[in-house]
**Student:** 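Right, I'll just put the structure down here and ask away after.
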There are 2 protein chains.
Amino acid sequence: MAYATIRDVARLAGVSVSTVSRALNTKGRISEHTKLVVEQAMKELGYIPDSRAQAMRSSKTGTVGLLVPDIRNPYFADLAYTIQDALFGAGYCTFIGTSSENADQQDSFIMSILSQRIDGAILVPQGGDSHALRLLIGRKLPLVFVDRQVEGLDTIPVVDSDPIPGLTEALEDIRAHGCSKVGYVSGPVLESPTLQEREYVFRELAAMAFGEDHVFVESTGFDQSSCVSVLRRMRRAGVGAVIFGYSPDAVRAVSLMHDNGIRVGLDISIVSFDDLEMFRLTSPHISVISQQVRRIGAIGAQTFLDMVVGHGAAGSHRVETTYIPRESVGRMR
Amino acid sequence: MAYATIRDVARLAGVSVSTVSRALNTKGRISEHTKLVVEQAMKELGYIPDSRAQAMRSSKTGTVGLLVPDIRNPYFADLAYTIQDALFGAGYCTFIGTSSENADQQDSFIMSILSQRIDGAILVPQGGDSHALRLLIGRKLPLVFVDRQVEGLDTIPVVDSDPIPGLTEALEDIRAHGCSKVGYVSGPVLESPTLQEREYVFRELAAMAFGEDHVFVESTGFDQSSCVSVLRRMRRAGVGAVIFGYSPDAVRAVSLMHDNGIRVGLDISIVSFDDLEMFRLTSPHISVISQQVRRIGAIGAQTFLDMVVGHGAAGSHRVETTYIPRESVGRMR
DNA sequence: CTGAAAGCGCTTACAG
DNA sequence: CTGAAAGCGCTTACAG
């Protein structure tokens, strides 16, 4: 079944194509009466304007691309939802894509939205610089990085979180519970400058509070199995509390500890980044360093909208992390 | 910065526009040499074909719309991921949209993809019949419903799960643990025929196994607060085990029980639909009725692809639910 | 207030 | 193997 075209509408309404177009866009002079006639004809034909044709002429597509690494990660799901919602409110249609923590798939998404001639993009960038990224930037479209930044691409505004406040408070809480050695599991740092920064900040802060010899850091990569051995090693070294920089690691660790009879909050204290719902389901509930993902999303969307109006000028923004103490940080036996 | 057009490429390569087009699509006769020359010109200009223009001429957009109620629900996140992945493998670009469990927003998404002239859609439909849905169906595009169906729209293939096997096994497990009265919390049934069916099947099965007088059913809607009072009432009635038809309810309930000192698996047994990661994080772990969401997603995508080739002909498919027993079902004190 | 014409960036027969 | 021309469905000046 073929779509009705503007021509069909014009014919049925007994007017010219231009008149139909004017009725469609309620702009230009048009009489009330003809407008009504045209709208009637549209209804009768079930006319749906071809937005591709519209966009091609008017060079405004009303769509923006949004890329997240993995929609199954609740943090990114929340982020995507918030952004889509905010942009929808501003009249934009958001296309969500997934990079699977993979630079190639990111690039393929970028090429796809570029060839779609979208009005702009919001990205959680993957890894470092890339060809497609350069192309996107060269386009000078409104572009915002969220959650992560890319080294060397300093002209793009980035909205992310400042790890210092949350980490500071978490370390204080741990210390207040009588713990003298603290560990940090940093996740796949190679993929993400954000994770690198967190680790760096942790090292600085923890060394100041606990002394360099009492600070242990390990990264896990994407390998599930390594998690157990890392924790085992830390406990053997006398570490009483572990902070997870990457929440999927914490999820895995909590599950493993349960299965291995290690009691959270009693045998070891746990803090994780990201205020995920599931951390309120465990017993004990897990203390978290919240990135305030809703705020990041809202500010990210707003920054994007500012760029649309301001033609490119917009600044970066850091949202403070906050610490939410719960029972997973306890006094060791 | 304006995009380079096919004209620009033709000029630089010293050939005609048609020749560039042929090089682009590697179809029609074209000499190796000129093809190389053209490709060189494309590279030099950073040419990215306008897929809107391409689609308008060739009436194949290579994109499909995917609508889920709420991407923050891990079940739908998983579903969306699986589908997007499968379609990507088949050369399709998937646009994910969110209906927020809201028929209006669903309709607005449908209108948007329709005006985008996408090749087809996969929907987790919202509520009942609607104008936009009719329009979409009238288009005779490949269309698949996933997870839910719409009453009266029986021509559309639907891929969902069969609640019987999982519920049967769950009830057996509960019975084997010496429980004599069983409850069911059915979630926002009004929004979803799937939830209605689950409730219905539960009633039948439970009445057979426990006797009609020992079966208690309540629905919660989207209201958080009602959850507590529902559980309280059921416990007072002597209910030893509760099955949740809608996993977000179970998540809330587990969290509330924890806060109110009700011990899962000891004071009350719990089973929830959907094999979510978080149900393996709680202690005790929650027994679940899995819908095998990955399979649903894979089959949904495959059904869609079949429709693309077969021009409309494709059947519905039910995936069996399976029961995964864990410690949340225990012997009551 | 309304219509005829040009053109957005492509693809597709049709000639050559 | 290659090019000139028509046309996909719209919008936008330009006349009237």
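To find a chain, count down the sequence lines: A is the first, B the second, and so on, and within it residues start at 1.
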**Student:** Between C:dC10, C:dT2, D:dG3, which one does the side chain of B:Arg22 approach most closely?
**Tutor:**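 Looking only at side-chain atoms, B:Arg22 lies closest to D:dG3.
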**Student:** Round to a whole Å and report the spacing from CG of A:Leu45 to C1' of D:dG9.
**Tutor:**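 Rounded to whole Å, this separation is 15 Å.
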**Student:** Using atom CD of B:Glu32 as one end and atom C1' of D:dC1 as the other, report the distance to the nearest whole Å.
**Tutor:**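 Spelled out: CD on B:Glu32 to C1' on D:dC1 is 12 Å.
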**Student:** Looking only at side chains, do B:Ser18 and B:Ser21 share a donor and an acceptor under 3.5 Å apart?
**Tutor:**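 The criterion, which ignores hydrogens and geometry beyond distance, is not satisfied for B:Ser21 and B:Ser18.
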**Student:** Between A:Tyr47 and A:Thr5, do the side chains contain an N or O donor and an N or O acceptor separated by less than 3.5 Å?
**Tutor:**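 Their side chains do not contain a donor-acceptor pair, so the 3.5 Å distance test is not met.
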**Student:** Using whole Å, what does the distance between atom P of nucleotide D:dG7 and atom CG of A:Asp50 come to?
**Tutor:**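 Nearest whole value for this atom pair: 18 Å.
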**Student:** If the condition is side-chain hydrogen bond (donor to acceptor under 3.5 Å, both in side chains), which residues does B:Ser130 pass it with, not counting sequence neighbours?
**Tutor:**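 Listed in chain order: B:Asp107.
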**Student:** Answer yes or no: does a side-chain N or O of B:Gln54 lie under 4.0 Å from OP1 or OP2 of C:dC10?
**Tutor:**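 No, B:Gln54 has no side-chain N/O under 4.0 Å of OP1/OP2 on C:dC10.
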**Student:** Hey, does B:Leu123 have a side-chain heavy atom less than 4.5 Å from the side chain of B:Val146?
**Tutor:**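 No. Closest side-chain heavy atoms not under 4.5 Å.
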**Student:** Answer with yes or no whether B:Arg57 presents, from its side chain, a donor or acceptor under 3.5 Å of a partner atom in the base of C:dG9.
**Tutor:**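 Result: no qualifying N/O pair found.
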**Student:** If the cut-off is 4.0 Å, is B:Tyr3 near the phosphate of C:dC10, judged by side-chain N/O to OP1 or OP2?
**Tutor:**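 No, no such contact exists.
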**Student:** Could you check A:Ala53 against B:Lys35 and say which one's nearest nucleotide on DNA chain D is further toward the 5' end?
**Tutor:**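 The answer here is B:Lys35.
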**Student:** May I have the distance from B:Ile48 (atom CD1) to C:dC10 (atom P), rounded to whole angstrom?
**Tutor:**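 Spelled out: CD1 on B:Ile48 to P on C:dC10 is 11 Å.
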**Student:** Starting at CD of B:Gln116 and ending at P of D:dC10, how long is that distance when rounded to a whole Å?
**Tutor:**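 Checked: the CD to P distance equals 13 Å.
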**Student:** Does a side chain donor of either A:Thr98 or B:Gln84 reach within less than 3.5 Å of an acceptor in the other side chain?
**Tutor:**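 Short answer, yes.
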**Student:** Which nucleotide sits closest to the side chain of A:Ser31: C:dT12, C:dC1, D:dC10?
**Tutor:**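 Given the options C:dT12, C:dC1, D:dC10, the side chain of A:Ser31 is closest to C:dC1.
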**Student:** At 4.0 Å (heavy atoms only), tell me whether B:Ser21 reaches a base, stays on the sugar-phosphate, or touches nothing.
**Tutor:**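 Base contact.
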**Student:** Quick check for you: among D:dC10, D:dT11, C:dC10, whose closest atom lies nearest to any side-chain atom of A:Arg117?
**Tutor:**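 Between D:dC10, D:dT11, C:dC10, the one nearest the side chain of A:Arg117 would be C:dC10.
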**Student:** Output the pairing pattern of DNA chain C as a dot-bracket string, 5' first, Watson-Crick or G-U wobble with both distances under 3.5 Å, | for cross-strand pairs, [ ] for crossing pairs.
**Tutor:** |||.||||||||.|||
**Student:** Contact list please: residues 11-20 of chain B against DNA chain D, heavy atoms, distance less than 4.0 Å, in numerical order.
**Tutor:**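 Heavy-atom cutoff 4.0 Å gives B:Val15, B:Ser16, B:Ser18, B:Thr19.
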**Student:** Checking all strands, does A:Thr34 fall into the base, sugar-phosphate, or nothing category for heavy-atom contacts under 4.0 angstrom?
**Tutor:**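 Here A:Thr34 touches the backbone only, sparing every base.
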**Student:** Expressed as a whole number of angstroms, how long is the span from A:Met56:CE to C:dA6:C1'?
**Tutor:**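 Taking CE of A:Met56 and C1' of C:dA6, I get 13 Å after rounding.
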**Student:** Nearest whole Å is fine: how far is C:dG7 C1' from B:Arg52 CZ?
**Tutor:**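 Going from CZ in B:Arg52 over to C1' in C:dG7 covers 14 Å.
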**Student:** Thinking salt bridges, do B:Glu39 and B:Arg22 make one under a 4.0 Å N-O criterion?
**Tutor:**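 B:Arg22 and B:Glu39: not salt-bridged.
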**Student:** Please report, rounded to the nearest Å, how far the P atom of C:dC10 is from the CZ atom of B:Arg7.
**Tutor:**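 Whole-Å distance recorded here is 10 Å.
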**Student:** Have A:Gln291 and A:Ser161 got a donor and an acceptor in their side chains that come within less than 3.5 Å?
**Tutor:**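 Result is yes, a qualifying pair exists.
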**Student:** Quick one: which of D:dT11, C:dT2, D:dA6 gets closest to the side chain of A:Ile30?
**Tutor:**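 So the side chain of A:Ile30 is nearest to C:dT2.
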**Student:** Regarding A:Tyr75 and A:Asp147, do their side chains bring together a donor and an acceptor under 3.5 Å, going by distance alone?
**Tutor:**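 Looking only at side-chain atoms, A:Asp147 and A:Tyr75 do form a donor-acceptor pair, the distance falling under 3.5 Å.
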**Student:** How close do A:Leu141 and A:Ile118 get, counting heavy atoms only, and between which atoms?
**Tutor:**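 In terms of heavy atoms, the two residues are closest at CD1-O, 3.7 Å.
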**Student:** Check whether any side-chain heavy atom of B:Phe95 lies under 4.5 Å from a side-chain heavy atom of A:Ile96, and answer yes or no.
**Tutor:**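 They are not in side-chain contact.
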